[in-house]
Participant: 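So that we are looking at the same thing, I have put the structure below in structure tokens.
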Amino acid sequence: MGHQMYKYDAALTDAVFDYCRERLAMDPVPLDYGSLAAIPEHALDGLIGADGNDPGKILNFFEEQLATSVVSIDSPGFLAFIPNAPTKNSLLFDMVVACSGLNGTSWLESAGVVAAENQALAFLANLAGMPDGSGGAFVSGGSMGNLSSLTVGRDVGRARRPLIAPHELRFAISSDAHSSIGKALHVLGVGALLVEPDDHRLTRATLETALANDPRPESVIGIVATSGTTNAGIVDDLEGLGSYANEHEIWFHVDGAYGGAALFSPTHRRLLKGIRHADSFVVDPHKWLLAPLDCAALIYRNPTVARKILAQQASYLDILHTDDDELYEWNPSDFAIHLSRRARGLPFWFSLVTNGTVAYETAIQSAIDLAQRTVRLIESMDHVEMVRPSSLSIVLFRRKGWNAERYNEWSQQLLRDQIAFVTPTKWEGETVARLAFLHPDTPDEMVHQILDSMRD
Ligand SMILES: *Cc1c(COP(=O)(O)O)cnc(C)c1O
């Protein structure tokens, strides 16, 4: 007689699978309302008690009251922030990972799934032009990938510059770098040489000027470049920055959380050629590589160095590390600031393996193509104008004569009308409109509707 909580409940299983089936069959996934559909006050009160509730009722409550107050990030109408558009195969396989409790912590416990995750990482590394043997782990997000990489970069820098006090070491970063970079440096107690790039794109020339004007250039132990800024999609001069880093033996990190996916774009992958110089590279499958949250690929040029710095030491973990077999080098837990982890790379792996790379190329390219058609449309209209050229799949534009309040009202109305979820952003101090395309099923018709909704 097992514990009651482990008894198979066929009716509940059917109900949950029916719910999942219904979501999976939605074409398109509806936006829903986010905080516009705030859940009734006290709706959750008293649910946790000594005796449980009827699961069917709670599933209904979830479906009707909680789930609708989420804006579905996987809807083709979600064009704010950076959307997430998991393929059907990736969602289905995420269920497999969940139901089989797939642990992806160590080679000892999970050799099979780690091998598959590593296949996906090696594929990405190869696409990025990084050498054979590059590798790492899937982590929760770009933020964790950045923090882990910069930890390794810092320690390598300390070893290379033993005469400089650790608290004086710095990374060169652009003022357009993602906020998680600043946060990582804060956690690490490492300073920044903050470079203000021309037109928001960090180049080798700008970096060299900043270093020439800096009193302590030798304290710079690494460069952080962005391959696709989150706000505008701008790709730094990866080739120039990467070759500078190599020539000067400093760490080169490329944050491609959003735009690294353009490696799959036949027209734009050339912008990312310089990633081949990276010591560490991050790209989020949960953004533009069409996998479910939460999944970021963290890849090191020299995984052994990362492992030596980041592996957790504890007597109960010794068995994961003492064996000399080279396969034991591949504990995903050793490559980032984490230990236990689900095999979160597998939904991406399954989708990549089953759909094939051509499907990824066409899906990713379609977002760039839509961005470019949107630019032409905006240029053909009188009430709107481009703020700057589109980059990758992001379009920044302004509605002539609008202030921040007007943009906010319009954004809420679009969601209320279930047309799209578009939020304004700031560009050089000005509130402007921003479209982040990602879902391959976002129709041109929706873009027309969005732009028309900005007329008086
Ligand atoms: C989204 C993003 C991040 C943060 O990634 P998370 O997965 O949200 O933690 C970091 N850098 C860039 C450029 C991003 O677009």
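We count ligands from 1, going down the list as the structure has it; atoms in each ligand are counted the same way.
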Participant: Can you list the atoms of ligand 1 that are under 4.0 Å from a heavy atom of Ser180?
Facilitator: 10 (C)
Participant: Based purely on interatomic distance, does Thr226 place a nitrogen or oxygen under 3.5 Å from a nitrogen or oxygen of ligand 1?
Facilitator: no
Participant: Which one of His178, Lys287, Lys183 has a non-hydrogen atom at the shortest distance from atom 2 (C) of ligand 1?
Facilitator: Lys287
Participant: Would Ser140 count as being in polar contact with ligand 1, using the rule that some N or O on each side must be under 3.5 angstrom apart?
Facilitator: no
Participant: Would you mind checking which non-hydrogen protein atom is closest to atom 6 (P) of ligand 1, with the distance to 0.1 Å?
Facilitator: Gly142 N, 3.2 Å
Participant: Would you say Thr229 and ligand 1 have an N/O pair spaced under 3.5 Å apart?
Facilitator: no
Participant: Going by the order shown, which atoms of ligand 1 are within less than 4.0 Å of some heavy atom of Asp255?
Facilitator: 10 (C), 11 (N), 12 (C), 13 (C)
Participant: Does ligand 1 have a heavy atom under 4.0 Å from the side chain of Met144, from its backbone, from both, or from neither?
Facilitator: neither
Participant: Taking only residues two or more places apart in sequence, or in another chain, which ones meet Glu63 in a salt bridge (Lys or Arg N to Asp or Glu O under 4.0 Å)?
Facilitator: none
Participant: With a 3.5 Å cut-off and no angle check, do the side chains of Thr423 and Arg434 form a donor-acceptor pair?
Facilitator: no
Participant: Below 4.0 Å from any atom of ligand 1, is there a heavy atom belonging to Ala296?
Facilitator: no
Participant: Is the closest heavy-atom distance from Asn146 to ligand 1 below 4.0 Å?
Facilitator: yes
Participant: Can a donor-acceptor pair be found between the side chains of Asp255 and Asn146 at a distance below 3.5 Å?
Facilitator: yes
Participant: Verify whether one side chain among Gln365 and Thr267 offers a donor that lies under 3.5 Å from an acceptor in the other.
Facilitator: yes
Participant: Looking at side-chain heavy atoms only, is the closest gap between Pro30 and Ser75 below 4.5 Å?
Facilitator: no
Participant: State the atoms of ligand 1, each with its element, that fall below the 4.0 Å cut-off from a heavy-atom position in Thr230.
Facilitator: 12 (C), 13 (C), 14 (C), 15 (O)
Participant: Please check whether Ile82 reaches ligand 1 - meaning an N/O of the residue sits under 3.5 Å from an N/O of the ligand, judged on distance alone.
Facilitator: no
Participant: Need the ligand 1 atom indices (1-based, order shown) with element for anything under 4.0 Å from a heavy-atom of His286.
Facilitator: 7 (O)
Participant: Give the atom numbers and elements of ligand 1 that come within less than 4.0 Å of a heavy atom of Tyr258.
Facilitator: 15 (O)
Participant: So, Thr206 and Thr209: side-chain donor and acceptor under 3.5 Å apart, yes or no?
Facilitator: no
Participant: If we set the cut-off at 4.0 Å for heavy atoms, which region of Ile181 has an atom near ligand 1: side chain, backbone, both, or neither?
Facilitator: neither
Participant: Salt bridge check, Glu428 against Arg388: does any charged N sit closer than 4.0 Å to a carboxylate O?
Facilitator: no
Participant: Decide whether an N or O pair under 3.5 Å exists between Asp284 and ligand 1.
Facilitator: yes
Participant: Does Ile73 reach the side chain of Phe81, with side-chain heavy atoms less than 4.5 Å apart?
Facilitator: no
Participant: Any side-chain donor paired with an acceptor under 3.5 Å for Asp176 and His200?
Facilitator: yes
Participant: So if I apply the side chain to side chain contact (heavy atoms under 4.5 Å, CB included) rule between Pro86 and each of Val29, Leu91, Leu293, which one comes out positive?
Facilitator: Leu91
Participant: For ligand 1, indicate whether the residue Ser143 contacts it via side chain, backbone, both or neither (heavy-atom separation under 4.0 Å).
Facilitator: both
Participant: Does either side chain, that of Asn103 or that of Ser110, offer a donor lying less than 3.5 Å from an acceptor on the other one?
Facilitator: no
